[in-house]
Asker: 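A single structure is presented below for examination.
The analysis underlying the following values was restricted to heavy atoms, covering all of them including side chains, and did not include hydrogens, waters or symmetry mates. Residue numbers count from 1 along this sequence.
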Amino acid sequence: MSPLRDAQLGAFTFFASALPHDVCGSNGLPLTPNSIKILGRFQILKTMSHPRLCQYVDISRGKHERLIVVAEHYESNLSDFQKQGKAVSPEKVLQVAYEVLEGLEFMNKHGLVHRALGAHNVLMDCKGNVKLAKFGLYHMTDHGADVDFPIGYPAYLAPEVIAQGCFHPSDSSHDEAPLPSGPKTDVWSLGVLLFELCAGRRLLQNIDISDRLKFILNLGCMDDIVTVLAEEHGCLDTIKDLPPNVLGLLRKCLLFLPSKRLTPAELLRDPIFSGISCLYTSFLKPVSLFSSSLRCAHLELPEDISDLCKEDYLSERAIDEVYHLWCLAGGDLEKELINKGIIQSKPPICTLPNFVLEDGESFGQGRDRSFLLDDTTVTLSLCQLRNVSMDSGLVFTEYVQSSLPQSNSSNELSATVTLPLIIRERDTEYQLNRIVLFDRLLKAYPYKKNLVWKEARVDIPPLVRGLAWAALLGIEGDIQSRYESIDKDTPIPTDRQIEVDIPRCHQYDELLSSPQGHIKFRRVLKAWVVSHPDLVYWQGLDSLCAPFLYLNFNNEALAYACMSAFIPKYLYNFFLKDNSHVIQEYLTVFSQMIAFHDPELSNHLNEIGFIPDLYAIPWFLTMFTHVFPLHKIFHLWDTLLLGNSSFPFCIGVAILQQLRDRLLANGFNECILLFSDLPEIDIERCVRESISLFCWSPKSATYRQHAQPPKATTDNGFGKTPTYYSSEYQDMPKTDLSREPLALSDLKTEVSPRISAEDLIDLCELSSAGPAKRTRAGKPKIIAVDIRPVDDFSRGHISGSVNVPFSSAFSPDGELLQCPTSGILHNYKGCVIVVISHAMKTATMFAAHLVKVAFPRVCILDGGINKLKPTGLLTVPSPQI
């Protein structure tokens with residue numbers, strides 16, 4: 001997006017055609033409203049950036065198929081010259097023509113035609129340069145098929161457009177739609193505009209519309225259209241006095257037959273413009289963050305860095321940022337249009353329909369003129385936003401002048417960080433500073449990768465979430481070339497299933513439910529399937545794709561790259577043709593995590609037979625995108641992407657704990673009904689509790705044999721990727737103290753998770769002989785419970801461990817003799833309890849009993865005491881004298 005600078009934000013509105021309510025499509029689903037179709041096609045217009053075009057910013061959908069478009073706007077336009085009533089100098093006419101053609105040529109290269117060219121749509125910036133407005137109306141309305149009004153203005157329409165007449169898909173009198181207008185259509189409209197500038201008056205203004213159209217069509221019989229128009233408007237002498245090059249330009253534009261007319265590209269290179277100098281050196285397309293081009297190739301900084309901190313530095317921010325902040329500052333599009341009289345509300349009694357009797361007499365209301373097109377552009381006031389932004393000028397200056405910006409740059413912002421996330425996301429000043437900070441860090445990605453991670457732990461501004469996620473996933477390189485090299489057109493067997501799933505995936509969202517959204521969905525999903533031949537398409541992959549596609553709607557390559565990086569990190573081998581062993585191991589580890597964090601809930605769910613297989617598969621197969629709406633997924637994944645592959649277990653436990661009271665009070669059938677329509681979940685609380693659970697979980701407790709194997713670490717010059725709270729246990733180098741793989745059948749028999757010997761050493765800080773970590777209550781955070789006989793314990797044990805012999809609580813047959821929690825263990829309830837034995841069977845039984853009596857955070861030392869003997873960390877008590 002280009003900077004705001006001297007531009008303003010403008011909004012205009014129109015209605016899409018209404019569809020009948022009782023008609024369905026070929027798939028049996030209701031027809032997609034035309035306003036949704038327009039909204040989907042509009043998105044590509046936001047990527048069109050050129051010095052001769054007004055930047056499109058946003059589109060919103062209201063009631064009764066109303067659409068409001070926001071775009072770059074200027075108050076001055078070519079109509080101002082006509083109001084003066086005098087001709088424009090030939091030099092200015094040529095300059096305007098050249099700049100208009102530059103904009104038209106750029107549009108044509110991207111497959112667009114203006115078709116709505118008119119004096120009031122050719123805007124002029126403060127330097128007098130041309131800016132074309134409303135150039136996307138013809139494209140977003142599917143060449144006018146989705147609206148009830150023609151695209152363009154009668155006085156400026158080319159003869160071939162008038163000859164085609166109006167067309168609407170619902171009109172049975174037309175067998176087929178006319179061909180879309182081509183680039184030469186705009187050349188005629190440009191000729192009319194230039195003629196008006198030369199003549200100093202509007203054309204065909206005092207003639208009825210039908211007579212205007214007839215007059216234009218009759219021009220086909222004339223040899224010199226320019227002379228005929230001049231005679232008709234009484235300005236023949238003025239036109240004859242024009243320089244030959246200007247007169248020649250008018251005649252080349254106003255050619256009746258399109259076959260003889262030049263295109264904008266051809267006309268731009270005509271010798272007529274040999275004396276015109278381009279006012280800008282060359283148009284440099286903004287370099288993508290993920291491309292093979294050097295982003296610093298054209299970087300220029302002022303000699304004095306303080307020049308960046310202008311009094312109105314808001315003008316240097318991208319126009320989409322300004323609009324986003326305007327909305328946060330209380331901006332309301334409909335209210336602005338209502339205040340200007342563009343939107344007029346009527347009481348219900350004034351909107352009753354009319355009816356016609358057999359004799360032709362009609363009763364009731366006439367046609368509601370409020371539904372007709374009024375393309376007036378309303379300027380959005382930025383006064384309130386500028387006042388807010390000025391208050392944060394000091395903080396902005398600190399960001400610019402600091403080489404390593406911090407999120408707590410001011411006391412006020414530091415206080416805001418402590419507020420709930422939903423409040424922070426609506427705080428204009430806070431979001432302005434966060435956007436500025438992330439913009440700087442992302443432009444320096446991957447060099448500033450570590451700082452991106454650091455700031456993402458605070459929060460991620462919604463406006464930059466798509467790029468921030470890509471940075472967190474480590475996306476680098478020329479992703480566009482890789483995406484384009486994938487065959488997304490050749491039919492494959494998966495096509496049918498994709499076609500069935502897409503119309504059911506997050507279709508409450510206007511963007512994803514649009515036809516353009518479906519097309520992009522199909523392409524990204526198919527690209528993933530084709531590029532991963534060892535994996536298959538499972539239902540749920542479309543839900544995984546949805547957040548990435550929504551955030552990168554105009555960048556399919558980035559959506560695909562993010563999805564391709566996300567799946568192996570969190571869903572490694574979930575999409576194998578036979579994924580049963582992967583899923584079963586995952587669910588078993590999840591069951592152990594429930595028992596570890598909430599043994600009472602685990603006991604109840606196991607008693608009623610409500611196992612994770614019945615409810616958790618959609619959770620983890622789609623990383624919760626199948627059960628939560630997108631706005632909740634965004635907040636959830638902001639944190640998920642900072643964690644490793646074990647973090648989803650903590651999210652699952654946090655969800656269960658929010659439903660804890662209802663689950664404990666209900667039986668199997670009630671729990672099934674509860675999860676068939678999941679109650680409202682507080683996502684911010686879920687995230688907060690997930691982090692707490694993650695911090696209490698030993699790294700190796702979530703070890704999975706089928707997790708992603710460790711990657712070879714290479715120094716790429718940017719340092720290692722930071723991790724969230726703790727590193728991924730799977731990525732650690734394997735040693736003799738690491739966890740050993742366990743068969744799935746054996747894993748299922750154990751209620752509590754195992755942890756590795758190296759994890760125990762790290763948690764107890766035995767290697768440094770330091771004090772054990774303690775909770776706020778003064779208890780040690782972790783306690784080792786050695787269940788060997790007293791004699792074995794006295795020959796060597798972990799420093800600080802307690803001895804509770806297994807034989808004192810259980811008989812040799814495994815029967816409970818005395819509850820082991822009645823003694824010393826009662827004081828350690830709430831700590832992480834690591835059960836240590838010389839035999840895994842006894843350790844498993846002991847841990848299972850602790851879980852049965854609701855002892856939380858119970859785990860087992862993998863390999864038992866024998867794993868620790870070679871370390872030399874076992875201690876022997878000193879003999880008493």
Side-chain angles (χ1 to χ4, degrees), residues 1-3 5-7 44-56 71-74 76-81 88-139 152 156 158 181-198 245-246 248-255 261-286 298 319:
M1 286 279 184
S2 56
R5 293 198 172 94
D6 62 320
I44 195 63
L45 297 175
K46 295 196 294 186
T47 67
M48 303 282 290
S49 181
H50 189 271
R52 299 292 171 253
L53 302 179
C54 286
Q55 180 76 57
Y56 278 103
E72 180 183 0
H73 182 63
Y74 300 87
S76 178
N77 56 58
L78 289 189
S79 296
D80 298 339
F81 294 107
V88 179
S89 67
E91 293 78 13
K92 184 62 177 178
V93 171
L94 288 176
Q95 189 67 53
V96 169
Y98 188 82
E99 293 180 1
V100 171
L101 288 171
E102 283 181 322
L104 294 178
E105 181 194 31
F106 180 81
M107 290 167 48
N108 298 159
K109 285 181 178 179
H110 290 78
L112 299 182
V113 175
H114 198 300
R115 246 296 283 273
L117 211 56
H120 63 291
N121 284 341
V122 181
L123 310 184
M124 312 291 288
D125 63 15
C126 65
K127 296 180 180 179
N129 298 325
V130 162
K131 290 278 191 175
L132 299 182
K134 297 188 175 68
F135 63 87
L137 199 57
Y138 191 57
H139 166 78
Y156 298 98
S181 297
K184 295 182 179 181
T185 301
D186 292 332
V187 174
W188 174 278
S189 302
L190 174 61
V192 176
L193 277 172
L194 298 178
F195 187 97
E196 292 179 341
L197 291 177
C198 294
N245 56 349
V246 176
L249 176 60
L250 292 178
R251 286 173 174 159
K252 287 184 178 182
C253 291
L254 297 174
L255 287 173
R261 218 179 297 150
L262 299 178
T263 65
E266 293 169 342
L267 195 56
L268 196 60
R269 288 152 186 79
D270 193 277
I272 292 174
F273 296 108
S274 58
I276 301 297
S277 60
C278 184
L279 295 183
Y280 66 98
T281 54
S282 61
F283 171 62
L284 298 175
K285 185 177 180 180
H298 304 284
I319 194 169

Asker: Under 3.5 Å, is there a donor-acceptor pair between the side chain of Asp6 and the main chain of Cys126?
Answerer: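 Confirmed, Asp6 side chain pairs with Cys126 backbone.
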
Asker: Do Asn129 and Pro51 have side-chain heavy atoms sitting under 4.5 Å apart?
Answerer: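 Sidechains of Pro51 and Asn129: no contact.
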
Asker: Which atom names give the shortest non-hydrogen contact between Leu193 and Gly118, and what distance separates them?
Answerer: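 Looking at all heavy atoms of both residues, the closest pair is CD2-C, 3.7 Å.
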
Asker: Distance-only, no hydrogens or angles: does the Glu72 side chain make a donor-acceptor pair with backbone N or O of Tyr56 under 3.5 Å?
Answerer: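 Such a contact is absent between Glu72 side chain and Tyr56 backbone.
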
Asker: Are the side chains of Cys54 and His73 in touch, meaning some heavy atoms are under 4.5 Å apart?
Answerer: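 No, every pair of side-chain atoms sits at 4.5 Å or beyond.
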
Asker: State, with a plain yes or no, whether a side-chain heavy atom of Ile272 is found less than 4.5 Å away from one of Leu94.
Answerer: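 Side-chain contact under 4.5 Å: yes.
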
Asker: How long is the span from the CG atom in Leu53 to the CZ atom in Phe106, to the nearest 0.5 Å?
Answerer: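 Reported to 0.5 Å precision, the distance equals 6.5 Å.
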
Asker: Atom CH2 of Trp188 and atom CG of Leu254: how far apart are they, to the nearest 0.5 Å?
Answerer: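 Taking CH2 in Trp188 and CG in Leu254, the distance rounds to 5.0 Å.
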
Asker: Can you tell me how far the NE2 atom of His120 sits from the CG atom of Asp80, to the nearest 0.5 Å?
Answerer: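 Those atoms lie 12.5 Å apart.
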
Asker: Hey, is the main chain of Tyr156 close enough, under 3.5 Å, to the side chain of Ser189 for a donor-acceptor pair?
Answerer: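 Side chain of Ser189 to backbone of Tyr156, a donor-acceptor pair under 3.5 Å: yes, one is there.
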
Asker: Do Thr263 and Asn108 pass the side-chain contact (heavy atoms from CB on, under 4.5 Å) test, and can you show the C-alpha distance, the side-chain angles, and the key distance before you say yes or no?
Answerer: CA-CA 9 Å; Thr263 65; Asn108 298 159; 5.6 Å; no

Asker: Would Leu123 and Leu132 satisfy side-chain contact (heavy atoms from CB on, under 4.5 Å), going step by step from the backbone distance to the final call?
Answerer: CA-CA 6 Å; Leu123 310 184; Leu132 299 182; over 6 Å; no

Asker: Can a donor-acceptor pair be found between the side chains of Glu99 and Gln95 at a distance below 3.5 Å?
Answerer: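 There is such a pair between these side chains.
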
Asker: Please list, chain by chain and in numerical order, all residues satisfying side-chain hydrogen bond (donor to acceptor under 3.5 Å, both in side chains) with Asn77, sequence neighbours excluded.
Answerer: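 Asn77 satisfies side-chain hydrogen bond (donor to acceptor under 3.5 Å, both in side chains) with Ser79 only.
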
Asker: Is a side-chain donor or acceptor of Asn121 paired with a backbone partner of Ala116 at a separation under 3.5 angstrom?
Answerer: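 Side chain of Asn121 to backbone of Ala116, a donor-acceptor pair under 3.5 Å: yes, one is there.
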
Asker: Does a salt bridge link Glu105 with Arg269, judged by any charged N lying under 4.0 Å from a carboxylate O?
Answerer: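 Answer for the salt bridge query: yes.
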
Asker: Between His110 and Leu112 (side chain of the first, backbone of the second, donor and acceptor by atom type, cut-off under 3.5 Å), is there such a pair?
Answerer: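 The answer is no, because no donor-acceptor pair under 3.5 Å joins these two groups.
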
Asker: CG/Leu190 to OG1/Thr185 distance, rounded to the nearest 0.5 angstrom?
Answerer: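 One finds 12.5 Å between CG of Leu190 and OG1 of Thr185.
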
Asker: Give, for atom CZ of Phe273 and atom CG of Asn245, the distance between the pair rounded to the nearest 0.5 Å.
Answerer: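 Here the interatomic distance stands at 9.0 Å.
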
Asker: Enter the distance from Leu262:CG to Leu249:CG here, rounded to the nearest 0.5 Å.
Answerer: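 Nearest 0.5 Å value for the CG-CG distance: 10.0 Å.
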
Asker: Under the rule for side-chain contact (heavy atoms from CB on, under 4.5 Å), what residues qualify as partners of Ile44, not counting sequence neighbours?
Answerer: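 Applying side-chain contact (heavy atoms from CB on, under 4.5 Å) to Ile44 gives Thr47, His139, Asn554.
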
Asker: Might you point out which heavy atoms bring Leu194 and Ala97 nearest each other, and give the distance in Å?
Answerer: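 Scanning both residues completely, I find the closest heavy atoms to be CD1-CB, 3.6 Å.
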
Asker: Are the side chains of Arg115 and Leu137 in contact, using a 4.5 Å heavy-atom criterion?
Answerer: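 Answer no - side chains too far apart.
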
Asker: For Leu255, check side-chain contact (heavy atoms from CB on, under 4.5 Å) against everything at least two apart and list the hits.
Answerer: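 Leu255 satisfies side-chain contact (heavy atoms from CB on, under 4.5 Å) with Lys260, Arg261 once adjacent residues are dropped.
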
Asker: Please say whether more than 12 non-hydrogen atoms of neighbouring residues, nucleotides or ligands are located less than 6.0 Å from NZ in Lys109.
Answerer: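 No, NZ of Lys109 has 12 or fewer neighbouring heavy atoms, counting only those of other groups under 6.0 Å.
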
Asker: Examine distances only and state if a side-chain atom of Asp186 and a backbone atom of His114 form a donor-acceptor pair shorter than 3.5 Å.
Answerer: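 Here the side-chain-to-backbone pair exists.
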
Asker: Is any side-chain heavy atom of Leu78 closer than 4.5 Å to a side-chain heavy atom of Met124?
Answerer: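 The answer is yes; the side chains approach within 4.5 Å.
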
Asker: What's the shortest heavy-atom distance between Val113 and Ser181, and which atoms?
Answerer: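 Distance-wise, the nearest heavy atoms are CG2-O, 3.5 Å.
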
